[in-house]
Amino acid sequence: MDSLLKYIEIYGNISFKEKSFNDVDNVLLSQLIYLNYEGLFKNKITLEEISKLFFIKYDENKIKKFGFLRKKYVKLLKVMSTKTRYKNIELYNYIKSNENTQFGAISFRFNKNEIYITFEGTDKSLLGWKEDFEMSYKFPVKAQELAIKYVNNVIKNKDKKIYIGGHSKGGNLAMCSAMYAKTDIKKRIQKIYNNDGPGFNLEQFNSKEWKKINEKLITFTPEDGIIAYLLNHQNNIMVVKSNAKGMLQHDATTWQCFGEYFEPGVRAESSTQLENRISKWVNNYDYIKREKFVTTIFNLIETSLSTIKTTDKKAQLNAFINIIKETKKLNKKEKDFILEVIKTLFISE
């Protein structure tokens, strides 16, 4: 098994004309959207050029303060921007928004008539996490609206081969944008990549829009994965090996590949068990009850953030857990459920 960095080392000097865009390229590019390029973009810019500007804006001292995941993305940017396969990729239409939604998107042109569009997954903002939970009872959420608008506005007639992808919530946005793309655009979409992102409520899952994209959709998830199994999802999910454990496998930079293919894995029993518990909760609540539940949870989070006087993340988590345990706004089953989800999701960040 090889790491993504090993893949870059081996395939980095092979152009896209020599070896076409593949599943691993999709994951690599989907990680770059997690970095902040605000203030660095021209209308169009190569990966090599934006990398130089990025490392001028963020020197070593600033990068040392990044979280461990952002440091991984920085390393990918640094290595990829020096390789023949990636350095001349053209980046354009970069968007990053934290106004009423947490949303990011970027387009990559790697051949004259071929593009890859990727959407950002959930960051550490409260707004981003709240929107993820809102997907359980609401469609479309603001990020989904923006993703649909982005694809329909960005893609031009010259774009003959289109690939769309994203990691985590970004995978859901990729699917959503393809489902509601204009007919002429939809015909040119080659593949849609959901890299360990959640599914949809029953109405969207049973819609004619879903049926039209299903044959082009590829969903990846690691052996201990759970995100890709949330809500209604594709049946033939591809399980991949990771060199991490538990929810840390959600970090796509830990996924293992064999050349241009991901190393097949076997789904862990713990993943199946957690999916069953979450599905049982979802099926027991109608949309009105889900909305009330989510609103209650995030009101508690906002309250806890205003009262917890520490920047230590472990201490913050423990304090928030105590607030959940003590609240009278939730019954015991609701408390147990949200504590399990919060621990599972937030510890991985």
Side-chain angles (χ1 to χ4, degrees), residues 26 29-45 90-110 113-123 125 127-195 197-201 203-205 207-214 216-217 219 231:
N26 139 67
L29 293 178
S30 74
Q31 303 306 288
L32 297 184
I33 185 61
Y34 283 108
L35 295 175
N36 191 333
Y37 307 103
E38 289 181 302
L40 306 181
F41 251 79
K42 305 172 186 175
N43 289 334
K44 295 177 180 179
I45 190 168
E90 189 176 82
L91 287 69
Y92 60 103
N93 281 27
Y94 171 69
I95 292 179
K96 194 168 184 69
S97 173
N98 285 296
E99 294 183 12
N100 303 317
T101 182
Q102 179 259 313
F103 176 80
I106 195 169
S107 297
F108 300 92
R109 186 176 300 282
F110 54 89
N113 299 316
E114 294 184 87
I115 66 169
Y116 173 75
I117 291 173
T118 192
F119 297 101
E120 183 181 21
T122 309
D123 61 14
S125 68
L127 187 62
W129 281 109
K130 186 175 183 180
E131 196 164 43
D132 287 353
F133 278 78
E134 286 177 342
M135 287 182 180
S136 69
Y137 64 84
K138 180 180 178 182
F139 182 88
V141 298
K142 185 65 176 179
Q144 290 169 330
E145 289 181 355
L146 292 175
I148 296 167
K149 183 177 179 181
Y150 183 92
V151 162
N152 284 323
N153 289 346
V154 165
I155 294 172
K156 307 301 179 187
N157 290 333
K158 67 178 180 179
D159 302 324
K160 305 302 181 186
K161 290 187 176 182
I162 303 160
Y163 301 85
I164 304 177
H167 173 254
S168 195
K169 181 178 80 172
N172 177 278
L173 299 185
M175 294 187 290
C176 189
S177 69
M179 286 166 66
Y180 294 94
K182 297 173 185 175
T183 302
D184 66 307
I185 292 175
K186 196 171 293 186
K187 289 178 181 177
R188 287 176 277 152
I189 296 174
Q190 307 299 302
K191 290 182 181 179
I192 305 146
Y193 289 104
N194 174 17
N195 303 311
F200 294 97
N201 284 319
E203 290 86 346
Q204 286 71 51
F205 187 71
S207 69
K208 62 181 180 180
E209 287 81 11
W210 168 264
K211 291 180 175 68
K212 286 179 181 179
I213 71 158
N214 198 27
K216 296 180 179 181
L217 175 61
T219 298
L231 302 178

Partners of Asn26 by side chain to side chain donor-acceptor pair (under 3.5 Å), sequence neighbours excluded?
Tyr116, Asn195
Please check if the distance between the ring centroids of Tyr94 and Tyr37 is under 6.0 Å.
yes
Under a 4.0 Å threshold between the charged nitrogen and the carboxylate oxygen, would Lys160 count as salt-bridged to Glu114?
no
Can you see whether His167 engages Tyr193 through a side-chain donor-acceptor pair at a distance of less than 3.5 angstrom?
no
Would Val141 and Thr101 satisfy side chain to side chain contact (heavy atoms under 4.5 Å, CB included), going step by step from the backbone distance to the final call?
CA-CA 9 Å; Val141 298; Thr101 182; over 6 Å; no
Would you say Asn201's side chain and Glu203's backbone share a donor-acceptor pair under 3.5 angstrom?
no
Check whether any side-chain N or O of Asn172 sits under 3.5 Å from a backbone N or O of Pro198 as a donor-acceptor pair, and report yes or no.
yes
Is there a donor-acceptor pair closer than 3.5 Å between any side-chain N or O of Asn214 and the backbone N or O of Lys211?
no
Sub-3.5 Å donor-acceptor pair from the side chain of Glu131 to the main-chain atoms of Ala143, do we have one?
yes
Should Phe108 and Tyr163 be marked as a side chain to side chain contact (heavy atoms under 4.5 Å, CB included) after you check the CA-CA gap, both sets of side-chain angles, and the distance that decides it?
CA-CA 10 Å; Phe108 300 92; Tyr163 301 85; over 6 Å; no
Please check this pair: side chain of Lys186 against backbone of Met179, looking for a donor-acceptor N/O pair closer than 3.5 Å.
yes
Are Ile115 and Ile155 close enough that some pair of their side-chain heavy atoms sits under 4.5 Å apart?
yes
Which atom names give the shortest non-hydrogen contact between Pro140 and Glu145, and what distance separates them?
CG-CG, 3.5 Å
Just one of Asn153, Asn152, Val151 clears the side chain to side chain contact (heavy atoms under 4.5 Å, CB included) bar with Lys149, so which one?
Asn153
Is it the case that the side chains of Lys169 and Gln102 hold a donor-acceptor pair, with the cut-off being a distance below 3.5 Å and no angle test?
yes
Please tell me whether Asp132 and Thr122 have a donor and an acceptor in their side chains that are separated by less than 3.5 angstrom.
yes
